[in-house]
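FYI, side chains are in, hydrogens and waters are out, and symmetry mates aren't considered; it's all heavy atoms of this structure. Residue numbers start from 1 in every chain, and the chains themselves are labelled A, B, ... in the order their sequence lines are given, proteins ahead of strands.
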Amino acid sequence: MALKFKAPRGTKDILPDEIAEWRLVEESFRKKCAQYGYREIRTPVFEDLGLFERTAGETSDIVQKQMFAVMPYGLRQQFEDERWVLRPEGTAPVARALLEHGLLQQLPLVKVFYIAPIFRYERPQAGRLRQHHQCGIEAIGSLSPLLDVEVIALGFDFLMSVGANGFVINLNSIGCLNENCRPRYRQVLIEYLKSREAELCEDCQRRLQTNPLRVLDCKEEGCQAVVKDAPISVDFLCQDCSEHFETVKKGLDELGIRYELNGRLVRGLDYYTRTVFEFVHPKLGAQSTVLGGGRYDGLIAELGGALTPGVGFGCGIERVLLVRQANSQTKLEDTTVDAFIAIASPVAENLAQKLLYELRAAGIRTDRDYLGRSLKAQMRYADKLGARFVLILGEDEMRDGFVTVRDMQKSEQWREPFDKIVSTIANALSERILTKT
RNA sequence: GCGGGCGUAGCUCAGGUGGUUAGAGCGUCAGGCUGUGGCCCUGAAGGGCGCGGGUUCGAAUCCCGCCGCUCGCCCCA
């Protein structure tokens with residue numbers, strides 16, 4: 001079909017049949033966050049471009065080529081200096097909001113979570129969209145390695161709770177900004193890479209100048225061979241970072257959360273320090289990271305706040321849904337209504353409408369026929385909507401003052417007086433709920 | 001931005017070497033049971049065969065271009 005308009009490339013409509021899945025994931029996440037003492041925060045979908053240049057890094061791919069500009073369309077020439085962009089990641093906006101409203105002054109440790117759309121201008125592929133949705137957490141104010149453990153544990157618990165098991169946790173520490181830590185490692189790495197520069201791909205030869213750490217996760221064969229023997233950051237951690245990392249590992253061991261050390265794990269955003277982690281799932285194809293995050297001890301200071309450490313993660317909801325599918329989690333189905341009013345004769349119209357109103361007021365999800373179709377068609381429709389009860393109103397019912405109630409599950413039906421109908425249905429439905437749980 | 005695959009009804013797909021009004025299953029609607037769902041049977045509606053151009057007496061089918069989708073590279077959730 002050659003329709004005039006389609007959803008923009010890399011975006012997806014989430015249709016009514018899919019909503020149950022989304023709700024399950026979102027509500028499970030909210031519940032899990034509440035258990036861990038995190039509160040929800042919501043920030044605008046667009047922010048000042050500078051916020052991301054500052055935090056993610058000017059050389060990061062996100063800032064260089066993946067952001068959508070936002071401006072009043074008709075006046076775009078005049079708005080060149082108003083540099084707004086759709087949020088390309090979740091952490092910086094949250095940090096900005098906490099700083100702006102002084103929340104970091106009100107509590108020594110602030111723990112928040114968000115569920116939000118994220119936008120990146122990329123070529124779509126399996127598990128990668130231009131608009132996707134992330135749920136994430138940020139814990140700001142403590143240097144404790146056990147907080148890193150908590151953050152990873154929350155991610156672990158959450159994914160398990162929605163049936164997204166089967167992932168592997170990759171763990172690494174990329175050190176801090178102390179000159180005898182990451183900078184020293186960086187120097188060693190550069191020297192090593194330079195000694196084998198000819199074997200590196202074009203991109204990596206460029207990265208050698210801009211962001212040498214990212215040569216480590218290049219997938220080119222030649223680079224892999226070089227990286228295999230490259231020095232690893234954990235061997236160059238300063239005393240503090242080393243102890244921190246040991247405690248993180250021990251903490252995870254204590255909880256029985258398994259992980260794999262991955263010295264080549266470096267993340268694409270500049271603000272990360274010390275602990276970094278990715279939850280990857282083997283069944284996900286090329287875009288295999290379901291959840292990723294780490295510590296960002298310099299971020300708040302970078303935004304003009306006091307030197308305040310933090311740690312958090314972001315988790316791609318679409319990818320969680322893909323994992324659930326790969327795990328063949330049975331697809332959730334939800335019914336549209338509990339009751340349906342079938343109108344077998346026009347003389348019942350008025351009463352039907354009144355009854356409909358009363359049932360709804362009693363909290364019962366109810367609908368009726370508006371198309372004047374045959375009773376058979378109305379029954380079929382009611383069945384399709386998943387109605388447990390169909391209330392039939394026709395000439396007989398109007399004459400003798402009752403409603404024919406059909407229990408669609410049991411295939412039984414009976415006569416119910418007008419004045420009893422709402423309470424009867426309400427009771428029957430609440431019993432169902434009780435026996436179900 | 002660069003590669004590979006694909007583009008026929010709402011959905012999933014058939015349509016050897018080009019040949020009369022383009023098919024199936026599911027879904028939708030109607031009927032079989034004129035007041036009753038899920039099964040079964042019958043029938044109907046619904047497609048300018050992604051768009052544009054070319055070859056040909058004739059193209060969904062061959063050629064070219066464009067667009068879109070999809071899977072990879074890059075990077076990430």
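Within 4.0 Å (heavy atoms only), Leu291(A) reaches sugar-phosphate atoms of the nucleic acid but no base atom. Using a 4.0 Å heavy-atom cutoff across all strands shown, Gln413(A) reaches at least one base atom of the nucleic acid. Within 4.0 Å of Gly394(A), counting heavy atoms only, lies at least one base atom of the nucleic acid. Nucleic acid contact class of Gln378(A) (heavy atoms, under 4.0 Å, all strands): none. Gln131(A) comes within 4.0 angstrom of no nucleic acid atom, judged by non-hydrogen atoms across all strands. The residue Gly127(A) sits close to a base: some heavy atom pair falls under 4.0 Å. Counting any heavy atom pair closer than 4.0 Å across all strands shown, Arg380(A) reaches sugar-phosphate atoms only and no base atom. Within the 4.0 angstrom heavy-atom criterion, no nucleotide atom of any strand lies near Ala382(A). Using a 4.0 Å heavy-atom criterion, one finds that Arg123(A) contacts the bases of the nucleic acid, with or without backbone contacts as well. The residue Ser411(A) sits close to a base: some heavy atom pair falls under 4.0 Å. In this structure, Ile62(A) reaches neither bases nor backbone, as no heavy-atom distance under 4.0 Å exists between it and the strands shown. Residue contacts shown for Lys12(A) are limited to sugar-phosphate atoms, with no base heavy atom under 4.0 Å away.
Listed candidates were G38(B), G35(B), G72(B). Nearest to the side chain of Ala126(A) is G72(B). With distances taken from any side-chain atom of Asp396(A) to the nucleotides G35(B), G37(B), C71(B), the minimum falls on G35(B).
For Ser345(A) against G35(B), no side-chain N or O and base N or O form a donor-acceptor pair under 3.5 Å. Interface remark: the Ser374(A) side chain does not form any donor-acceptor pair with the G35(B) base, using a distance-only criterion of under 3.5 Å. Gln409(A) contributes no side-chain N or O that forms a donor-acceptor pair with the base of G38(B) under 3.5 Å.
Nearest heavy-atom pair, Glu395(A) versus Ser345(A), reported as atom, atom and distance to 0.1 Å: CG-OG, 3.5 Å.
Rounded to whole Å, the separation between the P atoms of C49(B) and G23(B) comes to 14 Å. Going from the C1' atom of G1(B) to that of G18(B) covers 38 Å, rounded to whole Å. Using C1' as the reference atom, C71(B) and G31(B) are 47 Å apart when rounded to the nearest Å. Between the P atoms of C11(B) and G47(B), the separation comes to 13 Å (whole Å). Taking atom C1' in both C63(B) and A22(B), the straight-line distance is 23 Å, to the nearest Å. Using atom P as the reference point in both C69(B) and G50(B), the two lie 16 Å apart (nearest Å).
Both Arg9(A) and Glu412(A) sit near RNA chain B, but only Glu412(A) has its closest nucleotide nearer the 5' end. Heavy-atom distances to RNA chain B give each of Gly10(A) and Tyr272(A) a nearest nucleotide, and the one nearer the 5′ end belongs to Gly10(A).
In this structure, the CG atom of Leu322(A) is 12 Å from the P atom of U70(B), given to the nearest Å. Taking atom NZ of Lys376(A) as the reference point, atom C1' of U34(B) lies 12 Å away to the nearest angstrom.
Ion pairing between Arg30(A) and Glu27(A) holds under the 4.0 Å rule for side-chain N and carboxylate O. Of the charged side-chain nitrogens involved, at least one lies within less than 4.0 Å of a carboxylate oxygen, so that Arg399(A) and Asp396(A) count as a salt-bridged pair. Under the 4.0 Å criterion applied to side-chain N and carboxylate O atoms, Arg54(A) and Asp270(A) are not assigned as salt-bridge partners.
Checked against Leu391(A) for a side chain to side chain contact (heavy atoms under 4.5 Å, CB included), the options Leu356(A), Ile343(A), Val403(A), Thr366(A) give a single hit: Val403(A).
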Checking side-chain contact (heavy atoms from CB on, under 4.5 Å) for the pair Leu284(A)/Thr289(A): CA distance, chi angles, key distance, verdict?
-> CA-CA 8 Å; Leu284(A) 232 42; Thr289(A) 303; over 6 Å; no

